[in-house]
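Just so it is clear: chains get the letters A, B, ... in the order the sequence lines come, proteins before strands, and each one is counted from 1.
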Number of protein chains: 2
Amino acid sequence: MASMNEVAKRAGVSIATVSRVLNNSESVNEETRMKILKAIKELKYQPSRVAKRLRSKSGAGNLLGVLIPDIQNPFYVDVLRGIEDVAYQNNYVIIMCNFSQDEKKEAMYLEILESEAIDGLIAAPAHEDDQRVKKIVRNGLPVVCVDRGLKGMDVDVVWVNNLESAYQAVSFMIEKGYKRIAHIGGLPTIPSSRLRLEGYRNAMQDHGLELDENLIIQGDSSYASGMQVTEKLLNMKNPPDALFTGNNLITLGALEVINGRKLQIPKDIAVLGFDDMNWSNALNPPLTAVRQPAYEIGKRAGELLIQRIKDPKRPCIHMTLNSELKVRHSC
Amino acid sequence: MASMNEVAKRAGVSIATVSRVLNNSESVNEETRMKILKAIKELKYQPSRVAKRLRSKSGAGNLLGVLIPDIQNPFYVDVLRGIEDVAYQNNYVIIMCNFSQDEKKEAMYLEILESEAIDGLIAAPAHEDDQRVKKIVRNGLPVVCVDRGLKGMDVDVVWVNNLESAYQAVSFMIEKGYKRIAHIGGLPTIPSSRLRLEGYRNAMQDHGLELDENLIIQGDSSYASGMQVTEKLLNMKNPPDALFTGNNLITLGALEVINGRKLQIPKDIAVLGFDDMNWSNALNPPLTAVRQPAYEIGKRAGELLIQRIKDPKRPCIHMTLNSELKVRHSC
DNA sequence: ATGAAAGCGCTAACAT
DNA sequence: ATGTTAGCGCTTTCAT
């Protein structure tokens, strides 16, 4: 790979001038500019992003970190797609850090990202009291949180109206006539899990339905937990007639168990999932679900981050996107 | 962030000595080592991976590029997980480049990766004649291909026995008694699409079944193409009694159409998919599928890449993993 | 309008 | 065993 020096030599100018035309800064004589452009072309010169990053400490490195809890969850894949599109359009590139709900791994990745001199970070922190992410924000790195905020910390957040969405979904179930609606929640440490649970509780109460605490079980947000909890619920002497599942993976786990028992959805048990998937119509019956605009969450987060990199002083924004109840046939 | 210089000053030594203890190279007096370690701790010093990368041109940068055609395809997500695990264990970090089957985007990303001075690349090239990836290999960057090779080029590849797997799958369908088995293929430019088609053809012929060319349709490997082609097939005057779908996304698209028409699987039409998903049991009925060991493909590729980075002279390996027919209830 | 030179944080000769 | 020094490829004053 040719370096700026070689370009400068070939064009018979100094590297400073080359740098100037590259950053189309200030006034450069049209003639010399042409000479330089020619040399660049001939040498197939491409600037080293590494050197650039080393030199200019802020925002010019075109490198973003993305920290997500679980790449196997389709929700985060879609978020990632949104981020990636914005990043790509702005000549940024992404270091992907999937910490698989493992806080040790999260800590490692965060250290590495710092030492990679990223220009900004999009993160779904392990929980809202995540000291590691908080420290990074305090250190002045531009950060945008997705799906979860940071308690007591002013930071950009893009998320969805979890409580209201859950409330609306459960209300829908109630109106459909379901009485014993169980909720399989995600990790209680995750704020969105708690909000969805709260929405569930509120809806039940507001509609005068009895709140059977045995019907509320929180797992660890995984497929396996979806299976386990569903088993448990279905084994009850008085099992639920409907399931409100707390995320994508839980929903899928629940479906596996229900299918395994040859139960009919929604006749024997109805299912309404939080989180939609692009292929929810491929399920049989098609899944009724709360659709978070995952791609858009990622896109917005990317935009906010790039804004913040350019203008670190801009006041923080909490952007709440609306989710949508996709009524299909499982409830 | 503290720099090596500050550490050196605090410990009262030169930066060279600091560098030595960091790379636990050569002999350093135990006493000074302690002093330095102490200073490092006190300053919370972390080496800059950027500076390191700029300086030492080969393999020390701990940065890997991953180039994949479609992050929305669960197969690639699992591959990515495998790569990521190996990378993480070896202190490498990943720049994720999803080119969404768009060759312009692929080209852009490849350029950027070069200028990021990555130590190695794992790629699923757009096709086997991909000049851009070929050039990178020729330039001497360590590269491992997954899922697809590079025609006329000696390069490490990790893939699956596509032809045999398809052959086996279709034979299974035939033995089950299906006669009019349709194949919805992926992009003909992708080698694995062609191999799976060939496996299909061979199986049909070897079992003395008529090869109705109307039953063989190649799309673009997407969910949408899965839907379109399935529509077309089901609208035939003499529709197929079984579907052999060419990848994950196609399968899901096909299922949506089949469900939409209230057709029973496998009674009205059987489905066998190439590519399994972690949640295939959540489908109703559970999907019979050819399971590629996607995670392991990623893991192996990661291992091969790190080996090659350490030893660029090692002869190339074509590693063919076995896929497995998961017989469930859709066929 | 252009060049010279310092320096980002580190590695790797080369000295001592 | 440790220090000095010359870069890696670039940006950015400060001169001219």
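The phosphate of C:dG3 has OP1 or OP2 within less than 4.0 Å of a side-chain N or O from A:S14. Taking 4.0 angstrom as the limit, A:T17 places none of its side-chain polar atoms (N or O) nearer than this to OP1 or OP2 of C:dT2. The side chain of A:N5 places no N or O atom within less than 4.0 Å of a non-bridging phosphate oxygen (OP1 or OP2) of D:dC10. Listed pair A:T32 / C:dT2 meets the phosphate criterion, a side-chain N or O lying under 4.0 Å from OP1 or OP2.
Residue contacts shown for A:S19 include a base, since a base heavy atom lies under 4.0 Å away. Among the protein residues, A:R20 comes within range of the nucleic acid bases, having at least one heavy atom under 4.0 Å from a base atom. Among the protein residues, B:V13 comes within range of the sugar-phosphate backbone only, with heavy atoms under 4.0 Å from sugar or phosphate atoms but none that close to a base. Using a 4.0 Å heavy-atom cutoff across all strands shown, B:I15 reaches at least one base atom of the nucleic acid.
Using modelled atom types, one finds no donor on one side chain facing an acceptor on the other under 3.5 Å when comparing B:Y109 with B:N98. Side-chain polar atoms of B:D85 and B:Y295 form a donor-acceptor pair below 3.5 angstrom. No side-chain donor-acceptor contact under 3.5 Å links A:N5 and A:S3. Of the N and O atoms on the side chains of B:T320 and B:W159, at least one donor lies less than 3.5 Å from an acceptor on the other residue.
Here D:dG9 presents its C1' atom at 15 Å from CD of B:E114, a figure rounded to the nearest Å. A:R33 has its CZ atom 13 Å from the C1' atom of C:dT2, to the nearest Å. B:K9 has its NZ atom 13 Å from the P atom of C:dC10, to the nearest Å. Between the CZ atom of A:R49 and the P atom of D:dC10 there is a distance of 13 Å, rounded to whole Å. Rounded to an integer number of Å, the gap from NZ of B:K35 to P of D:dT2 is 8 Å. The distance between atom CG of A:N23 and atom C1' of D:dT13, rounded to the nearest whole Å, is 15 Å. Atom CE in A:M4 sits about 14 Å away from atom P in C:dT2, given to the nearest Å. Between the CZ atom of A:R53 and the C1' atom of D:dC8 there is a distance of 15 Å, given to the nearest Å.
Closest contact between the side chain of B:N29 and the listed nucleotides D:dG3, D:dA1, C:dC10 involves D:dA1. Side-chain proximity of B:L54 to the nucleotides D:dC10, C:dG3, D:dC8 is greatest for D:dC8.
Classification of B:E116 and B:R53 as a salt-bridged pair fails, no side-chain N sitting under 4.0 Å from a carboxylate O.
Mapped onto DNA chain D by nearest heavy atom, B:G12 and A:Y45 fall at different nucleotides, with B:G12 at the one closer to the 5' end.
Between the side chain of A:R55 and the base of D:dG9 there is no donor-acceptor pair of N/O atoms closer than 3.5 Å.
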